[in-house]
Amino acid sequence: MSDLVLVLNCGSSSIKYQLLHADSAQVRASGLVEKIGEAHGGRVVHECGDRKLVHEGPIADHRAGLRQAFEMFRETGIDLTTAGIGAVGHRVVHGGEVFWRPTLITDEVLDTIRDLSRLAPLHNPANAVGIESTSELLPGIPEVAVFDTAFFHTLPEAARTYALDAKLAAAHGVRRYGFHGTSHQYVSEKAAEFLGRPAGEVNQIIFHLGNGASASAVRGGVAVDTTMGMTPLEGLVMGTRPGDLDPGIMPHLMHAAGLDLPAVEQLLNRDSGIKGLSGVNDFRELQQLIDNGDAQAKLAFDVYIHRLRRYLGAYLVELGTVDAIVFTAGVGENSPTVRAAAVADLQNLGIQLDPTRNETRTPGVRRISTDSSPVAVLVVPTNEELAIARAAHEVALSA
Ligand code: ADP
């Protein structure tokens with residue numbers, strides 16, 4: 001069975017894709033379809049080796065987006081129907097209580113993914129449409145769903161339960177599931193490998209800081225807590241999401257500011273977090289504003305770090321002994337300022353950053369703590385596409 005895998009990550013109005021070899025991690029081509037279903041701004045950017053193709057124009061739906069991407073594969077010399085793809089790996093956001101392993105997609109599995117849309121209305125419908133479309137465009141190739149929630153199926157009951165009316169919560173699937181699991185798992189394995197110890201012996205606190213952001217506590221390779229909950233809104237402050245809030249705020253705003261449900265969803269998903277506080281959601285722009293003396297931007301940064309350190313403290317206590325603190329994703333991998341602030345002044349807890357290492361960029365996994373720091377602080381680049389490709393290849397092999 002070929003180890004060539006097409007990995008798809010279908011969002012509500014976008015598709016990220018990558019064609020890569022699961023064994024060698026070699027990427028053959030990748031791309032991004034944006035603004036699906038919108039009247040303006042539709043765009044596909046496709047990269048293959050040193051070639052970059054851009055298509056601009058309205059993209060009616062996910063199927064049309066994939067067709068366009070497939071056409072661009074052809075223009076760069078790859079016909080996906082005859083390229084010898086061994087599997088298609090789909091990132092699926094919510095596996096609910098049903099799926100916690102990479103799963104070969106059948107009609108029944110697809111129906112269940114659609115059913116789980118009640119828990120992830122912004123994500124699972126797009127994942128299901130992506131699966132339907134690829135089945136049509138690439139018939140006969142095994143398709144595998146890799147769930148963002150899977151790594152967190154091990155959360156102990158106390159960590160996954162909300163203190164709500166137990167019957168009501170059970171009737172509606174209200175519990176903590178956690179997200180970004182593929183990244184947390186991949187990064188925790190890489191960190192253990194870097195430390196030269198079996199994952200089963202290492203306790204870690206992982207900060208996945210991208211546009212979305214989450215932290216996890218991992219004991220011996222097993223996730224025991226995470227900051228995201230029933231939806232990806234809970235926990236850390238993010239680019240456009242607020243993270244933890246007093247639940248009383250929403251009814252208050254509905255009464256006092258006349259917000260209806262769609263307005264609340266817009267506020268929570270798109271207009272809060274760093275953007276809500278400062279007007280920008282990209283950390284590079286935030287840094288620029290701070291450098292220019294913008295007080296709101298500085299406050300946004302401080303709130304972000306305050307929340308992050310609160311969870312760092314919580315997870316240090318939960319784990320008792322911690323071997324490594326790991327930073328990953330766009331902000332975690334690229335912002336020495338965020339990393340330095342996150343672990344500042346914690347020498348008494350055995351955490352000592354090396355400022356020069358923190359500022360020095362090198363590819364791959366690197367240690368940014370001093371050699372004598374009892375807790376290692378690491379930067380580990382995430383690679384969700386590779387993790388999905390490997391999982392999909394493995395499932396296809398045994399199918
Ligand atoms: P996503 O959650 O969309 O996968 P990423 O993990 O790619 O996001 O992270 C994207 C974010 O990473 C950007 O919004 C930006 O804030 C941040 N980022 C990227 N490069 C840098 C950098 N050099 N310095 C600081 N932040 C960066």
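We count ligands from 1, going down the list as the structure has it; atoms in each ligand are counted the same way. Counting from 1, the numbers follow the sequence of the chain as shown.
At a heavy-atom distance under 4.0 Å, no atom of Met238 approaches ligand 1.
Set against the non-hydrogen atoms of Val331, the atoms of ligand 1 under 4.0 Å away are 12 (O), 16 (O), 17 (C). Under a 4.0 Å criterion applied to the non-hydrogen atoms of Arg361, ligand 1 contributes the atoms 23 (N). Annotation for ligand 1: atoms under 4.0 Å from non-hydrogen atoms of Gly212 are 2 (O).
In this structure, a donor-acceptor pair under 3.5 Å is present between the side chains of Ser183 and Thr382. Under the 3.5 Å distance criterion, with hydrogens and angles disregarded, a donor-acceptor pair is assigned to the side chains of Thr328 and Glu333.
Ligand 1 has an N or O atom lying under 3.5 Å from an N or O atom of Gly330, backbone or side chain. Polar contact with ligand 1: absent for Ala329 (N/O pair, distance under 3.5 Å).
For the residues Val338, Asn9, Asn334, the heavy atom positioned nearest atom 23 (N) of ligand 1 is part of Asn334.
Using a 30° and 60° split on the angle between ring planes, Trp100 and His153 fall in the parallel class, below 30°. The aromatic rings of His94 and Phe179 lie perpendicular to each other, with more than 60° between the two planes, well past the 30° mark.
Put simply, the side chain of Arg219 gets close to the backbone of Glu318: a donor and an acceptor are under 3.5 Å apart.
With hydrogens left out, the protein atom closest to atom 4 (O) of ligand 1 is Lys16 NZ, 3.9 Å, a heavy atom. Protein heavy atom in closest approach to atom 26 (N) of ligand 1: Phe283 CB, 3.5 Å. Among protein heavy atoms, atom 3 (O) of ligand 1 sits closest to Asn211 ND2, 3.2 Å. In this structure, the protein non-hydrogen atom closest to atom 13 (C) of ligand 1 is Asp282 OD2, 3.7 Å.
Both the sub-6.0 Å distance and the 45° axial angle are satisfied by Arg175 relative to the ring of Tyr177.
Between Arg390 and Asp23 no salt bridge is recorded (no basic side-chain N to carboxylate O distance below 4.0 Å). Look at Arg241 and Asp271 and you find no salt bridge, because none of the NZ, NE, NH1 or NH2 atoms lies under 4.0 Å from a carboxylate O.
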